[in-house]
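Below you'll find the structure, written out as structure tokens, and then a few comments.
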Amino acid sequence: MSVTPRGKVVVVGSANVDLVVPVPRHPGGGETVLGGSLARHPGGKGANQAVAAARAGGADTTFLGALGQDESADLLRASLEGAGVRTDLLERVAEPTGTALITVSPDGENAIVVAPGANSLVAVGPEQAERLAVADVVLAQLEIPVEAVAAAAAARRPGALLVLNAAPSRDLPADLWPAVDVLVVNEHEAADLTGDDDAEPSALARLLLERVPAVVITLGGAGSLVAERGGEPVAVPAFPVDPVDTTGAGDTFCGVLAASLAQGSTLVDAARLAAAAGALATTAPGAQESVPTATAVADLVQRHR
């Protein structure tokens, strides 16, 4: 799957400040675990993906979202602009900037709770629709109102792709499914969408292809599975690294996937580049700070040819 290689990506999504605490293990129900020092990082699935599309993917990237009137908003805007993301259509609203509470275990795995705040007010107005109409790829997630995702899909030009990272998991309205060109989910999200908790990734992909033309199922350290209607599924291996913090790795994957598609890559080639970027993102703490450069991604791919 490819588009005319003009490389314009518009990300419609969430922006959060991440409050991160390292823990010896994630707490269970009713349990208190003593953690380490609190760190504050720019995050949010949408903002993370925009940073990845611009910095690691090299695309002309615009972020459409909403921030509060607070210090957290300033942190997020600075991070986006520092990565080369266009923020001229980023709204400032009366709600507090979104906040994510994250615990990270010694093996780099994270657990996240999000207070949406300003993200609940993300909307697509005339100015946003005008920018969406010139994008090659529109990338969205589900930390914002699904109505905003649907409006973004409706505003894109003919031939532009809608890449939907259906996370966090939720039911999608029936009228949104036909608008999705590429669905990106992890194995748990795929199971939620299909209602089949026991199926293998290939079976989940076949079920999802009944609804969308193309699916990428991410499998963590096992890589990803790329499936398109009319073709055989392709397993894309992960790149071996020593993970420090997996926060934002999936978002880096999605952002680079969208950027690569916008620049004319096939879906399989885009997934390979995205896998390299996602792997590198696990080797440093934080979500946006850990997003690698396009040069680092290309070097990793070259070393593993």
Side-chain angles (χ1 to χ4, degrees), residues 1 3 8-16 43-53 59 61-67 80 85-87 89-91 93 95 98 100 112 114-186 188-190 192-194 208 211-218 250-251 253-255 257-259 261-262:
M1 180 174 292
V3 292
K8 293 184 183 296
V9 175
V10 175
V11 181
V12 184
S14 59
N16 298 318
K45 295 191 73 64
N48 295 346
Q49 292 178 14
V51 167
T61 305
T62 296
F63 178 62
L64 303 183
L67 300 175
L80 288 160
V85 177
R86 297 173 184 248
T87 62
L89 298 181
L90 185 56
E91 295 288 334
V93 299
E95 289 290 322
I112 305 173
V114 175
N119 296 311
S120 62
L121 298 180
V122 173
V124 174
E127 288 184 296
Q128 288 84 358
E130 186 176 343
R131 186 71 55 84
L132 286 158
V134 298
D136 297 305
V137 173
V138 175
L139 174 60
Q141 326 75 35
L142 299 177
E143 284 185 341
I144 58 173
V146 71
E147 294 81 7
V149 176
R156 73 193 194 281
R157 64 175 178 80
L161 298 179
L162 175 67
V163 178
L164 177 63
N165 175 213
S169 185
R170 67 161 84 170
D171 290 333
L172 297 181
D175 58 354
L176 181 57
W177 283 105
V180 178
D181 296 294
V182 181
L183 179 72
V184 184
V185 286
N186 63 28
H188 301 294
E189 292 152 358
D192 286 345
L193 288 172
T194 60
L208 290 169
R211 298 186 175 189
V212 296
V215 178
V216 180
I217 300 180
T218 58
D251 294 333
F253 181 99
C254 291
L257 183 85
L261 289 172

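Since the model is a prediction, treat every value here as computed from it, not as a measurement.
- In terms of modelled atom types and a separation under 3.5 Å, the side chain of Arg157 and the main chain of Ala135 share a donor-acceptor contact.
- Separating the CG atom in Leu139 from the CZ atom in Phe63 is a distance of 10.0 Å, to the nearest 0.5 Å.
- Proximity of a side-chain donor or acceptor of Asp181 to a complementary backbone N or O of Val163 within less than 3.5 Å is not detected.
- Val182 has its side chain out of reach of Val180: every pair of non-hydrogen atoms, C-beta onward, lies at least 4.5 Å apart.
- No side-chain donor-acceptor contact under 3.5 Å links Gln49 to the backbone of Gly46.
- For the residue pair Ser14/Asn119, the side-chain donor-acceptor check at 3.5 Å is not satisfied.
- Between Ile144 and Val149 there is a side-chain heavy-atom pair separated by less than 4.5 Å.
- A salt bridge links Asp251 to Lys45: at least one charged side-chain nitrogen sits closer than 4.0 Å to a carboxylate oxygen.
- Between Asp192 and Arg170 there is no salt bridge, since no side-chain nitrogen of the basic residue lies less than 4.0 Å from a carboxylate oxygen of the acidic one.
- For the pair Leu90/Leu64, no side-chain contact is recorded, criterion being any heavy-atom separation below 4.5 Å from C-beta on.
- Taking CD of Glu189 as the reference point, atom CG of Leu208 lies at 11.0 Å (rounded to 0.5 Å).
- Between Leu161 and Leu261, the closest side-chain pair of non-hydrogen atoms falls below 4.5 Å.
- Under the 3.5 Å distance criterion, the side-chain polar atoms of Arg156 are matched with a main-chain donor or acceptor of Ala153.
- The CG atom of Asn16 lies 5.5 Å from the CD atom of Glu143; values are rounded to the nearest 0.5 Å.
- With rounding to the nearest 0.5 angstrom, the CG atom of Leu183 is 8.5 Å from the CG atom of Asn165.
- The closest side-chain heavy-atom distance from Asn186 to Ile217 is not below 4.5 Å.
- For the pair Ser120 (side chain) and Ala118 (backbone), a donor-acceptor distance under 3.5 Å is absent.
- One distance of note links NZ of Lys8 with OG1 of Thr62; it measures 8.0 Å at 0.5 Å rounding.
- Separating the CG atom in Leu172 from the CH2 atom in Trp177 is a distance of 5.0 Å, to the nearest 0.5 Å.
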